[in-house]
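Since the structure comes first, as structure tokens, the remarks are kept for the end.
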Amino acid sequence: MNTNEKVFEVRTNRLGRFELYQNGKLVQKVCRTCGKVKLASEFLRYTQGHYRPDCHECFNKWQRKYIQENRDLRTVYRQRNRAREVGAPDNYNLEDYLELKAFANGRCMISGKKTDNLQVEHVQTLSKRVLGSTKGNIILVCEEVNQAKRDMSLFEFLQSERSRGLVDREQLERTIRYLADANGMTPQEYLDFLYRAEELAKDIKEFFENENKAN
DNA sequence: ATGGTGGATCAAATAGTCTT
DNA sequence: AAGACTATTTGATCCACCAT
């Protein structure tokens, strides 16, 4: 008897669904969700090698929905990942973000403007690598403020022309109190802290510039 | 071109549950 | 209790927008 002979075998999985094997390898399988018989290659596999119960298409659909329903979580991941990329602190979490959203209550934390498009904003930009994505360094602002501030730290922004007409004094004070609190400091301590963080960022930048020259 | 943001998608990793 | 299986979470990327 030829040992290369193709041996087909029909099995039913735990849920009684059809699976077709050839020489012990899965060839076809029924998708749990759409119920269609599909090639094994149309199913993604887990890292451990098991096939997913849903076909690729149905898994993608499920995942889309999941992502829609967990947008806040995604926002948090993104900010964490971005911080990590530049080697900055990255311990921001969902709880921090939800608390921040509740605090902002639909208003820009700089201009006080009411908006349904609040964006995450780093008080000290990520590229400076010192404060990163941490609770005391992230606020929510309206699009205008975000665009205007861009690569400035909050205090550079406040001192620059770009902030003209975009700052509500009272709101700013509330925000600083919030940030100070998040860092377990008094507002004055917090401002000093931020100043030192900026100085540190400058030193780091210089260090790397010199490093590059040397090479 | 660059550096900040958000939205979406894809696939892999991890966490958790069920069976035996 | 281990291993088979599934549910959920995370990382990586690509795209668009906006103002220097």
Side-chain angles (χ1 to χ4, degrees), chain A residues 11-19 21 24-26 29-35 38 40-88 90-98 100-101 104 106 108-111 113 115-133 137-166 201 205 208:
Chain A
R11 296 186 204 161
T12 50
N13 68 11
R14 209 154 79 185
L15 296 169
R17 294 212 168 78
F18 168 86
E19 286 177 349
Y21 289 81
K25 285 188 72 179
L26 184 72
K29 175 178 160 77
V30 173
C31 167
R32 171 185 59 180
T33 300
C34 66
K38 297 199 170 189
S41 61
E42 294 175 86
F43 292 80
L44 288 173
R45 295 204 267 177
Y46 293 100
T47 312
Q48 301 92 323
H50 294 114
Y51 283 91
R52 284 181 173 276
D54 293 325
C55 66
H56 200 157
E57 202 181 325
C58 289
F59 171 66
N60 281 162
K61 266 185 209 155
W62 178 91
Q63 199 179 33
R64 261 197 288 281
K65 185 159 166 277
Y66 173 85
I67 301 275
Q68 291 288 332
E69 289 167 355
N70 292 277
R71 235 188 292 234
D72 288 343
L73 201 47
R74 283 265 114 187
T75 301
V76 170
Y77 292 150
R78 158 165 279 169
Q79 297 310 336
R80 278 214 299 251
N81 291 339
R82 284 186 164 155
R84 204 171 305 139
E85 265 169 33
V86 298
D90 64 346
N91 62 15
Y92 202 64
N93 63 37
L94 183 61
E95 203 183 333
D96 297 336
Y97 185 59
L98 293 179
L100 184 68
K101 271 177 83 171
C108 170
M109 287 173 72
I110 300 293
S111 71
K113 190 185 139 196
T115 170
D116 50 13
N117 182 23
L118 282 178
Q119 303 183 336
V120 165
E121 164 65 31
H122 289 86
V123 174
Q124 182 197 60
T125 59
L126 280 180
S127 59
K128 289 183 179 162
R129 303 180 184 190
V130 177
L131 297 181
S133 290
N137 195 39
I138 287 181
I139 59 176
L140 290 170
V141 299
C142 65
E143 202 175 344
E144 287 94 320
V145 168
N146 215 354
Q147 296 293 353
K149 177 176 171 295
R150 289 199 318 280
D151 53 341
M152 290 176 166
S153 77
L154 179 57
F155 294 97
E156 287 167 342
F157 174 65
L158 293 175
Q159 287 160 14
S160 93
E161 272 300 302
R162 291 200 215 156
S163 65
R164 191 188 290 268
L166 289 175
K205 193 175 166 215
F208 282 111

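Below, read A as the first sequence line, B as the second, and so on, with proteins coming before strands; counting in each chain starts at 1.
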What's touching nucleotides 2-4 of chain B from the protein side, N or O pairs under 3.5 Å?
{"residue": "B:dG4", "atom": "OP1", "partner": "A:S127", "partner atom": "OG", "Å": "2.8"}

Please produce a list of atom pairs where a protein N or O lies less than 3.5 Å from an N or O of nucleotides 12-15 of chain C.
{"residue": "C:dA12", "atom": "N6", "partner": "A:R74", "partner atom": "NH1", "Å": "3.2"}

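Using a distance-only test at 3.5 Å, with no hydrogens or angles considered, no donor-acceptor pair links the side chain of A:S163 to the main chain of A:Q159. Between the A:N146 side chain and the A:V141 main chain, no donor and acceptor come within less than 3.5 Å of each other. For the pair A:R162 (side chain) and A:A148 (backbone), a donor-acceptor distance under 3.5 Å is present.
In this structure, A:R74 has no salt bridge (charged side-chain N to carboxylate O under 4.0 Å, His left out) partners at least two apart in sequence or on a different chain.
Considering only side-chain N and O atoms, A:Q79 lies under 4.0 angstrom from the phosphate OP1 or OP2 of B:dG6.
Contact annotation for A:Y51: backbone-only contact, meaning every heavy-atom pair under 4.0 Å involves sugar-phosphate atoms and none involves a base. At a threshold of 4.0 angstrom between heavy atoms, the contacts of A:N60 are confined to the sugar-phosphate backbone, with no base atom among them. A:R64 comes within 4.0 angstrom of the backbone, heavy atoms only, and of no base. At the heavy-atom level, A:Q68 lies under 4.0 Å from the strands shown only through sugar-phosphate atoms.
Nearest to the side-chain atoms of A:R71 among the listed nucleotides C:dA7, C:dT8, B:dA8 stands B:dA8. Taking only side-chain atoms of A:F59, from C-beta outward, the nucleotide of C:dT9, B:dC10, B:dT5 with the closest atom is C:dT9. If you check C:dT20, C:dT6, B:dT5 against the side chain of A:P53, the one that comes closest is C:dT6.
Remark: P of B:dA13 and NE2 of A:H50 are 15 Å apart, rounded to the nearest angstrom. A:E156 has its CD atom 15 Å from the C1' atom of C:dT20, to the nearest Å. Rounded to an integer number of Å, the gap from A:D54 CG to C:dT8 P is 11 Å. Atom CG in A:L73 sits roughly 13 Å away from atom P in C:dT8 (whole-Å rounding). At whole-Å resolution of the value, CG in A:D72 and C1' in B:dG6 are 13 Å apart. Atom NZ in A:K65 sits roughly 16 Å away from atom C1' in C:dT9 (whole-Å rounding). For the pair A:L118 CG and B:dG6 P, the interatomic distance rounds to 10 Å; values are reported in whole Å. Distance A:Y66 OH to B:dT9 P: 16 Å, rounded to the nearest Å.
Within 6.0 Å of the CD atom in A:Q119, the count of heavy atoms belonging to other residues, nucleotides or ligands exceeds 12.
A salt bridge does not link A:D90 to A:R80: none of the charged side-chain nitrogens sits closer than 4.0 Å to a carboxylate oxygen.
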Verdict with supporting geometry, A:S111 and A:E144, side chain to side chain contact (heavy atoms under 4.5 Å, CB included): CA-CA 9 Å; A:S111 71; A:E144 287 94 320; over 6 Å; no

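Scanning atom types as modelled, no donor and acceptor separated by under 3.5 angstrom connect the side chain of A:Y46 and the base of C:dA4.
Here A:I138 contributes atom CD1 and A:H122 contributes atom NE2; the two are 3.5 Å apart, rounded to the nearest 0.5 Å. The structure places CD of A:Q79 at 12.5 Å from CG of A:D96, a figure rounded to the nearest 0.5 Å. Atom OG of A:S41 and atom NZ of A:K29 lie 13.0 Å apart (nearest 0.5 Å).
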